[in-house]
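Notes to accompany the following structure.
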Amino acid sequence: MSRTVGVAVSGATRAMSTSGNKINAGELFVGSDLSKRYAQFRPKLPVEHVNTIVELLGRKPGVWVDVGCGPGTSTQQIVGHADKIIGVDISETQVEVAKQTHQHPSLSFEQGTCDKLPVEDCSVDVVTAVQAAHYFDLPAFFKEVDRVLKPGGIVGLVSINTPKCMDSTTMDTARNCVSDLITKYGLPDKVKLLQDNYKNLEVPYPTRKDHMVDILTSWSLDDYLDVIMTFSPVNNMIKRKSMTVTEGSDYVTSLLREEGMTEQDMNSVYTWSQQCAMVTASKP
């Protein structure tokens with residue numbers, strides 16, 4: 001199991017296609033097994049980014065909406081920083097797991113889409129989306145953001161990049177293998193947005209700011225694979241190959257062994273880094 005060892009601070013219903021195959025993005029995020037794996041293995045929103053948003057707003061938010069919240073892994077990081085927090089996700093099973101896992105008087109979860117948020121006009125202080133905005137219909141999402149945000153409200157979009165091993169060049173093989181899978185089974189425009197840390201993601205307000213936190217984590221290669229198996233392109237691969245999650249993990253492991261990974265490589269614990277970028281902007 002992974003454990004975070006530190007951070008370093010520096011600074012809608014969606015239909016899509018790839019490789020000729022039509023993908024409903026909502027289908028990539030459903031199922032209780034996937035939701036539970038998301039809750040267990042997905043990285044959390046760094047509290048540094050939460051603090052940055054509150055500082056930019058200049059006050060404690062009254063209402064904070066987290067869109068594409070999944071099982072609430074990042075949404076629960078906001079507890080204590082806003083009076084009312086609403087997590088919204090397209091997947092019913094993700095919302096169910098979120099409700100079961102994270103319970104607090106200030107926190108609630110609802111099923112919904114990025115272009116129809118369950119809040120009134122000009123009623124929200126902060127809207128965030130963690131590792132989700134690249135799957136949105138962005139024009140529709142930003143139109144909805146503009147509807148619900150109060151003047152001066154903050155939108156924050158967070159991307160978390162593929163983990164990179166810091167103390168073993170051998171693990172570059174694993175990262176390259178995963179990158180190949182992401183390229184083959186991902187959606188090229190969405191993958192590009194992530195790989196570029198949302199630098200090319202356009203926001204409708206002129207007050208854009210970019211922020212970066214490096215998440216440092218201790219993982220064995222098995223831990224790393226647990227995280228990778230929650231990646232949308234990898235889940236797309238599993239669906240297209242009609243695999244179970246276990247079969248998918250075994251398949252990726254076999255690819256690594258073909259590249260020369262040894263049993264010692266698989267069981268050793270390494271330090272991994274993930275770039276966690278955030279784009280913020282305030283509504284005029």
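Just the heavy atoms: all of them, side chains too, but no hydrogens, waters or symmetry mates, feed the values below.
Among all heavy-atom pairs drawn from A277 and H49, the shortest one is C-NE2, 4.1 Å. Residues S249 and M229 share a closest heavy-atom pair of N-CE, 3.4 Å.
Transitive grouping of hydrophobic side chains (ILVMFWY, heavy atoms separated by less than 4.5 Å) brings F231 and M243 into a common cluster.
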Discussion item. Side chain to side chain donor-acceptor pair (under 3.5 Å) for S91 and T93? Distances and angles first, verdict last.
Written reply: CA-CA 5 Å; S91 165; T93 54; 3.0 Å; yes
Item to complete: Mind running salt bridge (Lys or Arg N to Asp or Glu O under 4.0 Å) on R257 and E263 for me, showing each step along the way?
Response: CA-CA 9 Å; R257 293 195 183 281; E263 197 66 30; 3.1 Å; yes
Discussion item. For M261 and M171: C-alpha separation, side-chain torsions, deciding distance, then whether side-chain contact (heavy atoms from CB on, under 4.5 Å) applies.
Written reply: CA-CA 9 Å; M261 285 285 178; M171 291 300 106; 3.7 Å; yes
Worksheet item: What do the steps show when you test V279 against R208 for side-chain contact (heavy atoms from CB on, under 4.5 Å), and what is the final call?
Response: CA-CA 7 Å; V279 176; R208 176 188 176 120; 3.4 Å; yes
Fill in: Verdict with reasoning, R147 to E144, per salt bridge (Lys or Arg N to Asp or Glu O under 4.0 Å)
CA-CA 5 Å; R147 179 186 72 81; E144 185 71 347; 2.7 Å; yes
Item to complete: Start with the C-alpha gap between S220 and D223, add the side-chain angles, then the distance that decides, and say whether side chain to side chain donor-acceptor pair (under 3.5 Å) holds.
Response: CA-CA 5 Å; S220 69; D223 295 327; 3.3 Å; yes
Worksheet entry | Test log, rule side-chain contact (heavy atoms from CB on, under 4.5 Å), inputs N51 and H81 | CA-CA 8 Å; N51 290 334; H81 297 274; 3.3 Å; yes
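Here the side chain of N161 pairs no donor or acceptor atom with the backbone of Q275 at under 3.5 angstrom. In terms of modelled atom types and a separation under 3.5 Å, the side chain of Q131 and the main chain of I160 share a donor-acceptor contact. Of the possible polar contacts, one joining the D265 side chain to the T262 backbone as a donor-acceptor pair under 3.5 Å is found. Between the side chain of Q76 and the backbone N or O of H102 there is no donor-acceptor pair closer than 3.5 Å. Between the side chain of D125 and the backbone N or O of L149, no donor-acceptor pair lies under 3.5 Å. A donor-acceptor contact shorter than 3.5 Å is absent between the side chain of K143 and the backbone of D115.
By the 6.0 Å contact criterion, NZ on K60 is enclosed, its count of non-hydrogen atoms from other residues, nucleotides or ligands being greater than 12. Summarising the local packing, NZ of K150 is surrounded by more than 12 heavy atoms from other residues, nucleotides or ligands at distances under 6.0 Å. For M166, the CE atom sits in a loose shell: 12 or fewer heavy atoms of surrounding residues, nucleotides or ligands are nearer than 6.0 Å.
Contact check for E48 versus H211: no side-chain heavy atoms found under the 4.5 Å cut-off. Counting only heavy atoms from C-beta outward, the side chains of C165 and D167 approach each other to under 4.5 Å.
D180 and T183 share no side-chain donor-acceptor pair at under 3.5 Å. Looking at T128 and D66, their side chains do bring a donor and an acceptor atom within 3.5 Å of each other. Defined by atom type and a distance below 3.5 Å, a donor-acceptor pair is missing between the side-chain atoms of D210 and Y198.
Using a 30° and 60° split on the angle between ring planes, Y224 and W219 fall in the tilted class, from 30° to 60°.
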